[in-house]
Amino acid sequence: MYRAPRGTTDILPEQQAYWRYIEQKAARICRLYGYERIDLPMFEDTGLFTRGVGEGTDIVEKEMYVFEDRGGNSLALRPEGTASVCRAYLEHGLHNRPQPVKLFYIGPAFRYERPQAGRYRQHNQFGCEAIGDADPALDAEVIDMAWQFFFSLGLGRFTVVINSIGCRKCRTEYLSALKEHYSPHLDEVCPDCQVRFQKNPLRLLDCKNPRCQPIADGAPKSADYLCPECTEHYDEMKRHLGILEIPFKEDRRLVRGFDYYTRTVFEVQPEAGGSQSSLGGGGRYDGLLEELGGKPTPGVGFATGIERMVLGLTRENIPVPPIPGPEFFIAHLGNEARDSAMKLATTLRHKGAAVLISTGGRSLKAQLRQANTLGIPRVAIIGEDEVRTGTVMLRDMTTSKQESVPVGKLVELVV
RNA sequence: GUGGGUGUCGCCUAGCGGUUAAGGCGCCAGGUUGUGGCCCUGGAGAUCGGGGGUUCGAAUCCCCUCACUCACCCCA
């Protein structure tokens with residue numbers, strides 16, 4: 001027996017209501033904030049991600065699905081969406097449109113990880129990117145938008161956590177200060193941190209190993225090393241968040257796993273603990289477009305994980321609007337009746353009614369049982385008598401009342 | 001990638017060295033003539049995740065493997 005590959009899932013019909021719900025809320029919030037949909041390829045040139053996301057990141061280094069196509073090109077299943085959006089921005093000359101260009105996407109991302117609840121090798125993201133404007137008000141708007149989105153889902157408790165990691169300039173300065181702080185303690189620190197020290201010093205800060213806590217606690221704070229411009233940007237953004245009345249928490253240690261982030265970073269975290277630390281996150285990436293070969297162009301955005309939202313909705317028992325089922329069920333007895341039943345079914349469907357017609361030549365009892373189980377409110381029964389008189393027996397399944405009506409009249413009933 | 005837990009019909013569970021592997025839900029059919037939801041009866045559906053061992057004998061013990069799951073890591 002074949003099974004779905006590890007870390008992938010089938011989304012069965014009974015789960016679709018959640019997905020529809022989330023997609024609708026996403027589309028709505030995007031409309032309210034002026035974001036337009038973009039659909040992007042699921043695989044890209046590998047270089048787009050190694051350059052964009054960063055060579056040293058876990059995602060690129062050990063989680064990316066990389067393959068060679070038959071033409072010998074190195075391609076990668078996209079591990080995230082931002083790099084693709086930026087590529088599209090550059091490729092299609094979107095700088096010629098009114099700035100910022102606001103785009104959103106919904107689709108799968110792929111990472112070779114060890115799956116667990118809320119974490120998959122193929123998962124779906126809803127993400128937004130605003131490219132071409134460095135105004136801190138835009139950062140605040142993006143955070144506001146993420147916040148409103150989760151709020152509109154009805155998801156109970158979540159927190160917005162923010163930080164600024166500075167620009168290229170002040171980050172370099174900060175990193176050397178950080179390394180200076182750690183280097184005398186390298187032998188006390190966990191092996192992971194020893195690797196981080198070399199590879200990705202920023203990550204030293206959010207090590208959870210108790211051994212490293214004292215050293216991390218005493219480490220210089222990125223906030224203290226921000227250049228005046230970055231400080232001003234950060235303060236302005238916070239001021240705007242205040243105006244928008246978005247509750248947020250500052251976490252000086254918050255860093256993210258992509259190299260392209262500059263200045264603002266943020267995460268939306270479920271308050272109810274749980275293992276998966278974030279529902280979504282994002283930040284500013286003012287160097288990314290240039291890194292990808294474009295002119296220096298600022299950008300800011302966020303991405304969310306749809307599976308995690310579904311998980312949250314189910315865990316919190318939040319009701320979502322059901323997907324409507326068939327309105328009519330047509331039961332029939334005998335060959336002649338089946339022919340006119342099929343005819344009636346198409347006629348009703350042409351008029352826009354959702355109709356299920358029984359197949360397989362089952363007893364009337366079985367057909368009604370099926371209609372009942374499926375929760376279809378009305379059943380049209382067609383037997384020999386009805387064929388002869390050009391009528392159907394229309395049964396209301398909720399009241400158990402039925403009456404004989406001419407076929408023409410039934411068709412008229414459906415508008 | 002590291003560590004822990006779990007794995008019996010579609011779903012939930014019983015069985016824990018010798019049973020025709022049991023039950024509930026669901027599914028299908030019947031309870032006379034063309035009628036659902038309740039009830040009754042019957043049926044289909046499991047080589048007990050897979051592979052190897054130990055044993056006269058294994059779903060039950062051991063090893064490997066796969067999958068799921070939790071924590072770490074990382075992130076959505």
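Everything quoted here is computed from the prediction, not taken from an experiment. Proteins get letters first, then strands, A, B, ... in listed order; numbering begins at 1 in each.
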First encountered from the 5' end of RNA chain B, between A/Ala366 and A/Ala303: A/Ala366
Provide the Watson-Crick or G-U wobble partner of B/C39, both distances under 3.5 Å; none if there is no partner. B/G31
Any donor-acceptor N/O pair, A/Glu80 side chain to A/Thr82 backbone, under 3.5 Å: yes
My understanding is that a pair needs two contacts under 3.5 Å, Watson-Crick or G-U wobble. By that rule, which nucleotide pairs with B/A67? B/U6
Using a cut-off of 4.0 Å on non-hydrogen atoms, how would the nucleic acid contact of A/Glu386 be classed: base, sugar-phosphate, or nothing? base
Is it the case that the ring center of A/Phe151 lies less than 6.0 angstrom away from the ring center of A/Phe158? no
Short side-chain N/O contact to B/A29 OP1/OP2 from A/Arg369, under 4.0 Å: yes
Give a yes/no answer on whether the side chain of A/Arg114 brings an N or O atom under 4.0 Å of OP1 or OP2 in B/G1. no
Think A/Arg78 forms a cation-pi with A/Phe110, using NZ or CZ under 6.0 Å from the six-ring centre and within 45 degrees of its axis? no
Would you say A/Thr373 reaches B/G37's phosphate, i.e. side-chain N/O to OP1/OP2 under 4.0 Å? no
Taking atom types as they are modelled, is there a donor-acceptor pair under 3.5 Å from the base of B/U35 to the side chain of A/Gln402? yes
At less than 3.5 Å, do the side-chain atoms of A/Arg119 and the base atoms of B/C70 form a donor-acceptor pair? no
Would A/Lys238 and A/Glu250 pass as an ion pair if we require N to O under 4.0 Å? yes
